[in-house]
Amino acid sequence: MAHFFTADTHFADEPVRRFFDRPFASVEAMDAAMIARAGVVGPDDDLWIIGDFAACETDVGRMAAQAAFAALPGRKHLVRGNHDPDWLVRALPWASVHDLVEIGIGERRFVLCHYPLVTWNGARAGAIQLFGHVHTRWRGAEGQVNVGVDQWDFTPVAPDQAELEALMLPPSQFQRIAEGMEQSYE
């Protein structure tokens, strides 16, 4: 069993496809590409969707979201985002649903929240915060990684990829100030 992370899939969400200039001719092509690229996830793996699975309120959109859910491999966990309405949580058979969750994978700790945080539990001890929400605007900072599809070629991210990225990103001055590692200059 392995773990994979993704965020901001926005299945069946035509406005997001256009607004973020996603490289697909249609929302159907976008959805199909994300499902195909999720093939890295095995049937016994955990797929953590860190918010904004689908933002659709029409019957057609809901059916497309349900079809995408059924087509994705693995056990699907949702960390709710701002575009995850109550119907989506109730209608789909999620393995778990959270607003924020901490998980351990081997010796590594991950804190999953749809939103990038200034600091998080275990930040000083090497816990990695995974988030989405900001799409193409920010890759993250040391110790925290944007796992949104717009940042990762529409493909789920493995823990070792996220960890490596977390080590390579520049430090966040906000996190250093919040953790008392740097003085605030007001």
Side-chain angles (χ1 to χ4, degrees), residues 1-10 16 20 34 37-38 40-42 44-55 72-86 88-89 94-186:
M1 176 188 81
H3 294 267
F4 291 89
F5 308 99
T6 194
D8 300 310
T9 49
H10 285 269
V16 161
F20 289 104
M34 287 189 291
R37 293 174 189 181
V40 298
V41 178
D44 294 325
D45 294 340
D46 286 306
L47 176 60
W48 294 87
I49 299 163
I50 306 176
D52 292 1
F53 174 73
L72 288 171
R75 282 183 302 280
K76 293 164 279 285
H77 304 266
L78 178 66
V79 179
R80 286 185 81 161
N82 54 307
H83 290 289
D84 294 313
D86 290 337
L88 183 114
V89 173
W94 299 101
S96 67
V97 177
H98 313 269
D99 290 315
L100 182 147
V101 65
E102 299 177 30
I103 63 171
I105 302 172
E107 297 296 314
R108 179 62 60 208
R109 300 286 310 157
F110 292 90
V111 177
L112 314 180
C113 180
H114 180 61
Y115 309 99
L117 303 172
V118 171
T119 191
W120 52 93
N121 188 31
R124 282 188 247 171
I128 298 170
Q129 196 245 325
L130 303 180
F131 65 91
H133 186 64
V134 294
H135 292 263
T136 59
R137 294 185 175 94
W138 188 50
R139 183 85 169 178
E142 183 179 41
Q144 63 185 146
V145 178
N146 181 349
V147 296
V149 296
D150 300 289
Q151 295 286 334
W152 292 90
D153 195 30
F154 305 91
T155 304
V157 180
D160 58 336
Q161 292 173 292
E163 182 177 7
L164 180 61
E165 187 74 9
L167 293 170
M168 294 173 49
L169 288 165
S172 164
Q173 181 182 7
F174 296 117
Q175 197 248 350
R176 295 182 61 77
I177 291 169
E179 287 292 336
M181 298 180 281
E182 192 171 300
Q183 186 173 356
S184 174
Y185 301 99
E186 297 178 23

message = Under the side-chain contact (heavy atoms from CB on, under 4.5 Å) test against Phe53, which residue among Leu88, Val89, Val79 passes?
response = Leu88
ask   = Would Trp120 and Phe110 count as a close aromatic pair, with their ring centres under 6.0 Å?
value = no
message = Restricting to side chain to side chain donor-acceptor pair (under 3.5 Å), what partner residues turn up for His83, sequence neighbours left out?
response = none
The single option from Val41, Val147, Leu130, Val149 passing side-chain contact (heavy atoms from CB on, under 4.5 Å) against Thr6 = Val149
query = Is there side-chain contact between Gln129 and Cys113, with at least one heavy-atom pair below 4.5 Å?
reply = yes
message = Going by side-chain contact (heavy atoms from CB on, under 4.5 Å), His3 matches just one of Asp46, Asp45, Leu47. Which one?
response = Asp46
key: N/O donor-acceptor pair under 3.5 Å between Gln144 side chain and Leu117 backbone   = yes
Within-4.5 Å side-chain heavy-atom neighbours: Thr9 and Asp52 = no
request  = Specify whether His133 and Tyr115 have parallel, tilted or perpendicular ring planes, treating 30° as the upper limit for parallel and 60° as the lower limit for perpendicular.
outcome  = perpendicular
query = Would you say Val145 and Arg139 make side-chain contact, with heavy atoms under 4.5 Å?
reply = no
query = Side chains of Asp8 and Phe131: closer than 4.5 Å at any heavy-atom pair?
reply = no
remark   = Residue set satisfying side chain to side chain donor-acceptor pair (under 3.5 Å) with Asn146, at least two apart, ordered chain then number -> none
ask   = Between Glu165 and Leu167, is any pair of side-chain heavy atoms under 4.5 Å apart?
value = no
ask   = Hey, does His98 have a side-chain heavy atom less than 4.5 Å from the side chain of Trp48?
value = yes
inquiry  = Against the six-membered ring of Trp152, is Arg37 placed for a cation-pi contact (under 6.0 Å from the centre, within 45° of the normal)?
reply    = no
